Asker: 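For reference, the structure I am asking about is given below.
Read the numbers this way: they start at 1 and go in the same order the structure lists the ligands and their atoms. Given the structure is predicted, the values throughout are model-derived calculations rather than measurements. The chain is numbered in sequence order, starting from 1.
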Amino acid sequence: MQKIRNIAVIAHVDHGKTTLVDALLKQTHVFRDNQKEMQEDRIMDSNELERERGITILAKNCAITYNGYKINIIDTPGHADFSGEVERTLSMADGALLIIDAQEGPMPQSRFVLKKALELGLKIIVVINKIDKPFARTQIVMNKVEDLFLELAQNEDQLHFTTLFAVARDGKVFTQLPEDFTQAGNVKPLLETILEEIPAPPVSQDGPFKMVVSSLDYDKHLGRISIGRIHSGTLTKRDNIIITDTPTKTYSVERIMLGQGLDRVEAETAHSGDIVAITGVPDVTIGQTLSDPSDTASLHTIEISEPTLHMQMGSNTSPFSAQEGDFTTSRQLEERLDRELESNLSLRVEKLDGGQFKLSGRGELHLSILLENLRREGYEMEVGKPQVITKKIDGVLHEPVEEVSIIVPEEFSGIINQELGKRYGEMQKMESVSDTEVEFTYKMASRALIGLRSTLLTQTKGTALVSSQFLAFEPMGKNIPQLRNGVLISSETGDVTAYGLNAAQQRGVTFVKPGDTIYEGEVIGLNAKKEDIEVNVCKGKKLTNMRTSSSDGIIHITPPVEMSLEQSLEFIENDELLEITPKSLRIRKKHLTAVDRKRQRRRERESR
Ligand SMILES: Nc1nc2c(ncn2[C@@H]2O[C@H](COP(=O)(O)OP(=O)(O)OP(=O)(O)O)[C@@H](O)[C@H]2O)c(=O)[nH]1
Ligand SMILES: [Mg+2]
C-alpha cells in the first residue's frame with residue numbers, strides 16, 4: 001500500500017492557489033519536458049469559463065508523487081460565490097495549504113475557508129505568497145494571520161502552524177522570508193513540509209468499506225463517476241456495495257480509478273485513505289454514503305451554507321423566442337436544472353406555477369455562471385431581478401448582511417465613501433495596504449451589494465478589488481432608494497435606424513445599433529433622467545449602407561454600450577426581465593406595451 005497525503009489548497013480569490021498547484025505539478029514531473037502543459041499557466045482551471053475569467057469555479061483533484069508518497073491535491077475556488085465547492089471537497093483532505101497574499105493579507109474569504117478547515121480538524125500550513133510584490137508587507141500580514149488563527153482555532157494545537165513564503169508564479173517556496181526573493185528556489189520546502197506535517201489519512205483497513213461521495217463526474221461510456229476518500233475498508237472491483245440511504249438495493253463496482261497527475265488510472269483495489277473515482281452506482285448523489293452491505297450506517301453528510309440570493313427563471317416569452325436557441329421549453333429547462341442540482345450543491349431550485357422556477361444561490365456570480373453555461377449549451381430563458389433571501393426569525397423579518405472589502409487607489413477614496421454611503425454601508429475599517437492603495441471594510445445588507453461591483457469598477461477605471469462574505473441574518477434595514485435612472489423603451493417592433501437612434505441618443509446612452517431588430521417593450525437604453533420613457537428608434541428612412549451620409553447628412557452614432565450577463569443582471573429592475581439566448585442578451589419590460597404598463601402601475605397604486 002502506498003503512503004498517502006491528502007491536501008486541499010484554500011484561500012481568498014486570486015491569492016495564487018492554482019498557480020501554486022501548477023508549480024507542484026510541473027516540478028514533480030507530472031508532464032514530460034516537451035509536453036504543452038509545461039508552458040501553460042493555471043493548468044487546473046480547465047473549463048472554458050474558468051479560462052476566460054481567470055478564476056477557479058469548480059474544485060478539482062490532481063495527484064503527484066514525491067519521495068515515494070502520493071499527494072492528492074484539491075484545488076478550490078476562492079470566490080465566495082463558489083464556497084459550496086470548498087465545503088463539498090474539504091472532507092476529502094487531512095490538511096490544507098492556506099495561501100495568503102503578502103500584500104493584501106487575510107481577506108473575507110480567507111477567514112471563511114480557514115474556519116471551515118479548522119472545524120474539520122485539518123492540519124494547516126500557511127503559505128504567504130507573492131512576496132515579490134513591490135508592496136508586500138509580509139511581517140504585518142503574518143501578524144494578521146496569527147490573529148486570525150487566535151480568533152478561529154478550535155483548540156490549542158491548531159495555534160501551532162508552520163508558515164512558508166512563496167513566489168508561486170516562479171515556482172519557489174522558502175522556509176524563511178528570503179532577503180532576496182530572486183534567489184534560486186523550488187517547491188521542495190513545501191513538499192517536505194507536507195510530508196512532515198500533514199497527517200496520513202486515518203486508516204482503518206479492517207472495517208467495512210465506507211465512503212462519502214464528495215464529487216460527481218460523468219463519462220459518456222462509463223456513466224456516473226463517484227469521487228470521494230475511502231473512509232474505511234478496502235474496495236475491489238466487482239464488490240457489491242450499497243447507498244446507505246437505500247440499503248436494499250446493491251450495486252456492483254465496475255471500475256476503480258486513482259488519480260495520477262491530471263489523469264485517472266484504473267486499479268483492482270483501493271484502500272482506506274485513497275481518493276478514488278468509482279463507477280457502477282448510477283443513482284448516488286453528493287453527500288451520500290457508499291458502504292459494504294454488511295453495515296448500513298451513514299457517515300456524516302456534507303454541510304453546505306444556505307443560499308443568499310434568488311431569482312425567477314422561466315422559458316423565454318419574448319416575441320423573438322425560439323429563434324436562436326435549441327432548447328426553449330420549460331420542460332427542457334427543468335431537466336437541465338435537475339441535472340445541475342446533482343453537482344451544484346449550493347443551488348436550490350423550486351418549481352413555481354406557469355413553468356417558472358425560483359433559483360437560489362450563493363451570489364450573483366454563482367447564478368450568472370449557471371446562466372452563462374446554459375446559454376452556451378443552447379438554452380433560451382428569461383430571468384428577473386436577483387433578490388436577496390430574507391427570513392422570519394421570531395416573527396421579525398431578517399435579511400443577509402455581508403462584510404465587504406474594497407481595495408482601491410487612494411484617489412478613489414471619495415467615490416467609495418459616496419457609493420457606499422448611498423447604500424447605507426457602515427465603515428468598519430480603513431487601512432492603507434501600500435503607498436498608493438487603501439482597503440475599506442464595510443458591513444452592509446446583501447441587498448445593497450447588488451450592482452455595487454460593476455458600479456465601482458466603472459467609477460474607479462477598473463481598479464477596485466471588491467470582495468464580500470456573508471456574515472449573518474440581521475433585522476431588515478432601511479429601504480434603499482432606486483439608484484438607477486429610468487430606461488429608454490422601444491415603442492415599436494422593427495429595425496433600428498440611424499435616424500431614430502440619433503434622436504434617442506439625445507436622451508441617454510443606448511444599447512443597440514442601426515440594423516438591429518428590436519421589439520416593442522425592449523429596453524434599448526438608459527435615460528439621463530429618473531423616469532422611463534418610450535422612444536421610437538425604428539422611424540425614418542431605412543437607410544442602406546451606401547447612402548447613409550450623402551442623403552441624410554452625417555449622423556454621428558455613438559457605439560452601443562454592451563453589457564455582460566452579470567452587468568445586465570445587476571442592471572434590471574423589478575418590472576424588467578433579462579432575455580437570454582445563445583446569441584443575445586436583451587433587457588425588456590415585463591409588460592411590453594405602454595398600455596399594459598400603465599394598467600400595471602394603476603394596479604400597484606390601488607393595492608398600496
Ligand atoms: N506577483 C505575483 N503574482 C502571482 C504569484 N502567484 C500567482 N500570481 C498571480 O496571481 C493571479 C491569480 O492567480 P491564481 O493562481 O489564478 O489564483 P487563485 O487563488 O487560484 O484564484 P481563484 O481560484 O480564482 O480564487 C495570477 O495572475 C497569477 O499570475 C506570485 O507569486 N507573485
Ligand atoms: Mg484558482
Asker: According to ring pair (Phe, Tyr, Trp, His ring centres under 6.0 Å), who are the partners of H15, at least two apart in sequence or on a separate chain?
Answerer: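 H15: ring pair (Phe, Tyr, Trp, His ring centres under 6.0 Å) contacts with H12.
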Asker: Mind checking whether H366 and F82 have parallel, tilted or perpendicular rings, split at 30° and 60°?
Answerer: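 Ring orientation, 0 to 90° scale: perpendicular.
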Asker: Inside 2.8 Å of the Mg ion (ligand 2) but strictly below it, how many protein N/O/S atoms are present?
Answerer: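 Every protein N, O or S atom under 2.8 Å from the Mg ion (ligand 2) counted, the figure is 2.
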Asker: May I have all residue pairs that pass salt bridge (charged side-chain N to carboxylate O under 4.0 Å, His left out) and include part of residues 429-442, sequence neighbours excluded?
Answerer: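 Qualifying pairs, neighbours excluded: K144-E431.
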Asker: Could you tell me whether the side chain of V167 reaches within less than 4.5 Å of the side chain of K130, counting heavy atoms only?
Answerer: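 Sidechains of V167 and K130: no contact.
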Asker: If only side-chain N and O atoms count, and only distance matters, is there a donor-acceptor pair under 3.5 Å linking E399 with T390?
Answerer: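 Note: T390 and E399 side chains miss the donor-acceptor criterion.
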Asker: Would you tell me whether T162 and T193 have side-chain atoms, one donor and one acceptor, within less than 3.5 Å of each other?
Answerer: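 Note: T162 and T193 side chains miss the donor-acceptor criterion.
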Asker: Can you tell me if T76 and E85 form a side-chain donor-acceptor pair at under 3.5 Å?
Answerer: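 Side chains of T76 and E85: no pair found under 3.5 Å.
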Asker: With no hydrogens and no angle check, just 3.5 Å: does a side-chain donor-acceptor pair link T285 and Q288?
Answerer: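 Q288 and T285 do have a side-chain donor-acceptor pair below 3.5 Å.
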Asker: Are any side-chain N or O atoms of R137 and backbone N or O atoms of G105, one a donor and one an acceptor, separated by less than 3.5 Å?
Answerer: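 Pair absent, no side-chain N/O of R137 close to backbone of G105.
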Asker: At a heavy-atom distance under 4.0 Å, which protein residues reach ligand 1? Sort them by chain and number, would you?
Answerer: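 Within the 4.0 Å shell of ligand 1, which is judged on heavy atoms, sit V13, D14, H15, G16, K17, T18, T19, R42, I55, T56, G78, N129, K130, D132, V167, A168, R169.
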